[in-house]
Amino acid sequence: MQQQFDASKLGMWLFLATEILLFGVLFVGFGLSQGRWPEEFKQAHHHLDRVLGAFNTVVLLFSSFTMVMAVNSASRSKRKATINYLIVTILCAIAFLVVKYFEYSHKIHEGLLPGQYFTYLASTDPMAKGNSVFFGFYFMMTGLHGFHIFAGVVVLCLLLKETIKGKYNAAYYTPVDLVGLYWHIVDLIWIYLFPLLYLIG
Amino acid sequence: MQATHHDSHHHQHHGEHAHHPHDGFKQYLAVLGALLVLTMITVGASYLDFGAANIVIAVLIATVKASLVALFFMHLKDDNPVNAMILVSCFLFLGLLLTFCLLDIDTRVDESPTGKTPISAQGPPSLGREQTSTDAAPKPRPGWIDTHGGGGHGDGSSAAPAPAGQPQHAPAH
């Protein structure tokens with residue numbers, strides 16, 4: 001039983017490795033582009049609201065705490081507590097997505113979508129290219145991350161359903177543990193995304 | 001002396017054990033607190049300008065936060081070390097990717113005086129660029145590289161094939 005638990009954990013970690021590499025290439029691409037258009041990136045990142053970004057960071061960190069407590073409660077057969085912690089985690093995730101929605105709609109309204117949709121600066125402006133590239137990375141990276149949050153909400157809801165049914169206890173809580181790992185890696189990626197996009201640019 | 005030392009050590013160990021697996025609430029709360037404080041520090045630091053160190057500070061703080069999440073929330077602290085190795089090797093390989101990309105880009109920047117157009121086919125600067133490279137390669141003169149800003153910037157690649165014995169990096173200032 002312990003061996004099965006370890007094996008499934010190892011499998012999850014291998015999946016998480018692919019996630020880190022997936023985001024990692026984007027980070028490397030962002031870094032290299034930042035080296036090529038430093039002024040443009042600095043100018044562009046001022047469009048991001050660091051208060052909203054910081055708020056979302058706090059929300060995600062808190063949700064990581066509630067998630068680890070859900071795992072902890074499940075491992076001690078505390079069904080009620082697990083349910084409560086899972087619900088708080090899901091609410092945090094939804095709050096994150098709502099804030100993201102407002103950020104996105106504001107930026108789309110300003111004409112900050114990348115590529116041909118970038119209308120904030122005239123295409124003849126020498127700064128336009130670098131600004132557009134910044135928002136290409138911004139929407140790609142936060143969009144992919146947002147998708148992971150959304151997927152997390154779906155999985156957490158399934159987990160909640162099973163927990164309510166009483167499927168998990170101290171002897172078997174592998175799914176709770178694995179979803180916890182996934183949730184923490186999504187948080188971990190945001191830990192890097194937030195300063196690099198919102199604070200440094 | 002020996003006995004007391006052993007005793008205190010044993011006690012400490014025992015205390016740790018009593019805390020750890022059964023009630024993690026306090027420990028997790030402390031980790032959350034540390035993460036929030038670090039977030040405040042990184043946001044606060046972003047209002048100050050440390051120049052090139054900005055990004056180093058941000059990445060360092062982010063890495064401390066990520067380590068806290070991995071060690072405590074993801075249980076790597078007490079987990080099978082193989083899992084930690086997977087995580088660390090991911091970061092090592094990403095570092096390798098970044099290093100080789102930077103090496104590539106840096107040696108390409110050599111070709112353009114502004115450093116803004118690493119890849120060719122960006123128009124006018126090519127005139128000055130061609131002259132620089134043809135001048136620098138066949139007849140390297142001591143001190144030439146240092147008097148011209150563009151040449152000095154890219155001496156990593158243009159200076160390499162020059163014959164040995166030439167004082168390439170003679171400080172001109």
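In the text below, chain A, chain B and the rest are named by the order of the sequence lines, each starting its count at 1. Because the structure is predicted, anything quoted here is derived from the model rather than measured.
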Participant: Would you check if A:L16 and B:L87 make a side-chain contact, meaning some heavy-atom pair closer than 4.5 Å?
Facilitator: no
Participant: With chain B as the partner, which of A:T18, A:L14, A:L32 has the greatest number of non-hydrogen pairs under 4.5 Å?
Facilitator: A:L32
Participant: Quick check on A:K78: does its NZ atom have over 12 non-hydrogen neighbours (other residues, nucleotides or ligands) under 6.0 Å away?
Facilitator: no
Participant: Find out whether A:L10 and B:I86 are in side-chain contact, i.e. whether some heavy atom of one side chain is under 4.5 Å from a heavy atom of the other.
Facilitator: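 A side-chain contact under 4.5 Å exists here.
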Participant: I'd like to know whether CZ of A:F15 has more than 12 heavy-atom contacts from other residues, nucleotides or ligands below 6.0 angstrom.
Facilitator: yes
Participant: Nearest 0.5 Å, please: how far is CD1 in A:I200 from CG in B:N54?
Facilitator: 4.5 Å
Participant: Go through it in stages, so that I can follow the logic: the residues are B:D79 and A:W13, the test is side-chain contact (heavy atoms from CB on, under 4.5 Å), and I'd like the CA-CA distance, side-chain angles, deciding distance and then a yes or no.
Facilitator: CA-CA 12 Å; B:D79 208 0; A:W13 269 103; 4.3 Å; yes
Participant: What verdict does the side-chain contact (heavy atoms from CB on, under 4.5 Å) test give for B:V59 and A:L196, after you've listed the backbone C-alpha separation in whole Å, the side-chain angles of each residue and the deciding distance to 0.1 Å?
Facilitator: CA-CA 8 Å; B:V59 170; A:L196 289 178; 4.1 Å; yes
Participant: Does any backbone or side-chain atom of B:V31 lie under 4.5 Å from a heavy atom of chain A? Answer side chain, backbone, both or neither.
Facilitator: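 No part of B:V31 comes within 4.5 Å of chain A.
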Participant: Might you work through the side-chain contact (heavy atoms from CB on, under 4.5 Å) test for B:Y28 and A:N72, ending with a clear yes or no?
Facilitator: CA-CA 10 Å; B:Y28 293 139; A:N72 187 275; 3.7 Å; yes
Participant: Hey, are the side chains of A:F194 and B:V43 touching, using non-hydrogen atoms and a 4.5 Å cut-off?
Facilitator: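 Yes, at least one pair of side-chain atoms sits under 4.5 Å.
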Participant: To the nearest 0.5 Å, what is the distance between OG1 (B:T42) and CD1 (A:I191)?
Facilitator: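 Reported value, rounded in 0.5 Å steps: 10.5 Å.
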Participant: So for atom OH, which belongs to A:Y120, do other residues, nucleotides or ligands contribute more than 12 heavy atoms lying within a distance under 6.0 Å?
Facilitator: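 It does not: A:Y120 OH has 12 such atoms or fewer within range.
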Participant: Closest heavy-atom contact between B:S46 and A:L199?
Facilitator: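 Taking B:S46 first and A:L199 second, the nearest heavy atoms are OG-CD2, 3.5 Å.
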Participant: Is B:L32 in contact with chain A via its backbone, its side chain, both, or neither, using a 4.5 Å heavy-atom distance?
Facilitator: side chain
Participant: Might you work through the side-chain contact (heavy atoms from CB on, under 4.5 Å) test for A:W183 and B:F73, ending with a clear yes or no?
Facilitator: CA-CA 10 Å; A:W183 193 250; B:F73 288 174; over 6 Å; no
Participant: Mind ranking B:L68, B:L38, B:I61, B:L29 by heavy-atom pairs under 4.5 Å with chain A and telling me who comes out on top?
Facilitator: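 Most pairs with chain A among the choices: B:L29.
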Participant: Under 4.5 Å, heavy atom to heavy atom: which of residues 19-28 of chain A reach chain B? Give them by number, or say none.
Facilitator: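 Listed by number: A:I20, A:L21, A:G24, A:V25, A:V28.
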Participant: Distance alone, cut at 3.5 Å: any donor-acceptor contact between the side chains of A:Y192 and B:T63?
Facilitator: yes
Participant: Are more than 12 heavy atoms from other residues, nucleotides or ligands located less than 6.0 Å from atom CZ of A:F150?
Facilitator: no
Participant: So for A:S64, is it side chain, backbone, both, or neither that comes closer than 4.5 Å to the heavy atoms of chain B?
Facilitator: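 Contact with chain B involves both backbone and side-chain atoms of A:S64.
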Participant: Is the count of non-hydrogen atoms from other residues, nucleotides or ligands lying under 6.0 Å from A:F5 atom CZ greater than 12?
Facilitator: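 Yes.
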Participant: Tell me, out of B:F93, B:F91, B:F72, who's got the most heavy-atom pairs with chain A below 4.5 Å.
Facilitator: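 Maximum pair count with chain A is reached by B:F91.
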Participant: Checking B:T39 against chain A: side chain, backbone, both or neither under 4.5 Å from a heavy atom?
Facilitator: side chain
Participant: In terms of heavy-atom pairs under 4.5 Å with chain A, which of B:K65, B:H75, B:M74, B:M40 leads?
Facilitator: B:M74
Participant: Tell me, side chain or backbone of A:I185 under 4.5 Å from chain B's heavy atoms, or both, or neither?
Facilitator: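 Both backbone and side chain of A:I185 come within 4.5 Å of chain B.
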Participant: Given a strict heavy-atom distance threshold of 4.5 Å, which part of B:N83 is in contact with chain A: side chain, backbone, both, or neither?
Facilitator: both
Participant: Is the CZ atom of B:F50 crowded by more than 12 outside heavy atoms at less than 6.0 Å?
Facilitator: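 Enclosed: over 12 neighbouring heavy atoms sit under 6.0 Å from CZ of B:F50.
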